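Proteins get letters first, then strands, A, B, ... in listed order; numbering begins at 1 in each. All values reported here derive from a predicted model rather than from experimental measurement.
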2 protein chains.
Amino acid sequence: MGKQMTEMLKGTLEGIVLAFLTGNPAYGYEITTWLRSQGFNEIAEGTVYALLVRIEKNGLVDVEKRPSEKGPPRKVYSLNTDGEKYLEEFWTTWGFLADRLENLRTEGK
Amino acid sequence: MGKQMTEMLKGTLEGIVLAFLTGNPAYGYEITTWLRSQGFNEIAEGTVYALLVRIEKNGLVDVEKRPSEKGPPRKVYSLNTDGEKYLEEFWTTWGFLADRLENLRTEGK
DNA sequence: TACCAGTACATAGTAGCGCTGAGTAGTGAT
DNA sequence: ATCACTACTCAGCGCTACTATGTACTGGTA
């Protein structure tokens with residue numbers, strides 16, 4: 001990852017994952033694969049798993065263990081109501097920041 | 001600052017300041033005041049000065065010391081060519097991220 | 001049989017950035 | 001003499017993403 005991207009992902013990666021989880025339960029490996037398909041080519045596996053542990057600990061997601069046809073059992077994460085509320089706040093925060101930056105880019109000051 | 005905003009600012013605050021500096025040399029206190037006027041109400045002074053030290057050390061800005069009518073001398077920062085190049089990369093990175101998030105927000109997946 | 005690629009998760013240690021909280025110093029007004 | 005405003009500095013902290021490595025199961029292949 002470029003250094004700029006690494007820093008910029010702080011705070012946003014969480015929102016990205018939560019948004020992906022909306023109405024779409026998924027497990028870690030699946031999320032990692034999806035992120036890479038979205039152009040986040042170099043997202044480290046460890047990053048995603050650490051993030052999932054965090055949002056679980058913060059009570060934003062529910063977890064269910066399911067056997068896999070290939071390899072170890074999967075931990076399937078789904079957004080709960082606290083997670084939805086948190087995601088809403090995320091969009092508000094993001095919206096504010098995106099507005100400021102859009103202003104700066106298109107004309108300045 | 002809200003916790004989400006604090007995390008999201010990592011990586012972007014630098015770009016915001018560099019963008020402000022484009023064709024518009026400024027000093028720390030001025031930048032802090034401007035940020036607050038833009039809605040970043042709780043940005044800590046210390047944060048801005050630390051950021052300025054960093055971008056100076058990274059060679060993105062030139063610095064000139066000027067006396068002030070009120071208070072200690074000002075350190076006026078202006079974007080140099082390295083800074084401009086860095087800012088361009090910043091906009092590329094930001095653009096990529098903003099696209100991804102816009103997609104996620106407006107429809108999902 | 002042995003090995004490797006793919007699937008799936010976990011975690012200790014590190015780097016970087018913004019925040020907290022405190023301090024220094026100069027000017028002008030009450 | 002005190003306060004408010006201007007202007008900059010710095011040590012220590014918390015949080016997030018990255019690095020690097022390890023575990024474990026399945027299926028293909030040499």
Are the charged groups of B:R54 and B:E14 less than 4.0 angstrom apart, N to O?
yes
What is the distance, to the nearest angstrom, from the CD atom on B:E45 to the P atom on D:dT6?
10 Å
What's B:G28 touching, base or sugar-phosphate or nothing? Going by heavy atoms closer than 4.0 Å.
sugar-phosphate
Grab the NZ-P distance between B:K10 and D:dT16 for me, whole Å please.
7 Å
Using a heavy-atom cut-off of 4.0 Å to chain B, what are the terminal contacting nucleotides of DNA chain C, in 5' to 3' order?
C:dG16 to C:dT27
Which part of the nucleic acid, if any, lies within reach of A:T6 when heavy atoms closer than 4.0 Å are counted: base, sugar-phosphate only, or nothing?
sugar-phosphate
Looking only at non-hydrogen atoms, find the nearest pair between B:I31 and B:A26 and report the distance.
CG1-CB, 3.9 Å
B:L21 side, atom CG; B:Y77 side, atom OH - distance, nearest 0.5 Å:
9.5 Å
Between D:dA17 atom C1' and A:L35 atom CG, what is the distance in whole Å?
13 Å
Whole angstroms only, please: what is the CZ-P distance between A:F40 and D:dC18?
10 Å
Under a 4.0 Å heavy-atom cut-off, which of residues 48-83 of chain B touch DNA chain D?
B:Y49, B:S68, B:K70, B:G71, B:P72, B:P73, B:R74, B:K75
Within-4.5 Å side-chain heavy-atom neighbours: A:L97 and B:I16:
yes
Rounded to the nearest 0.5 Å, how far does CH2 of A:W34 lie from CG of A:N24?
9.0 Å
Interatomic distance where CZ belongs to A:F90 and C1' belongs to D:dT16 [whole Å]:
14 Å
Between A:D62 and the options A:T81, A:L79, A:N80, the side-chain contact (heavy atoms from CB on, under 4.5 Å) test singles out A:N80
Rounded distance in Å - CZ (A:R36) to P (D:dC18)
10 Å
Give me, pair by pair, the N or O atoms of the protein and of nucleotides 28-30 of chain D that are less than 3.5 Å apart, along with how far apart they are.
none

To the closest 0.5 Å, what do you measure between OG1 (A:T93) and CE (B:M8)?
5.0 Å
Would you call A:K85-A:E88 a salt bridge at under 4.0 Å N-O?
no
How close or far is atom P of D:dC18 from atom CE of A:M5, stated in whole angstroms?
10 Å
Do the ring planes of A:F40 and B:F96 sit parallel (below 30°), tilted (30 to 60°) or perpendicular (above 60°)?
perpendicular
Which distance, rounded to the nearest 0.5 Å, do you find between the OG of B:S68 and the OH of B:Y29?
10.5 Å
Using whole Å, what does the distance between atom C1' of nucleotide D:dT16 and atom CD1 of A:I43 come to?
12 Å
Hey, any chance B:V53 and B:I43 share a hydrophobic cluster, counting ILVMFWY side chains that come within less than 4.5 Å of each other, even indirectly?
no
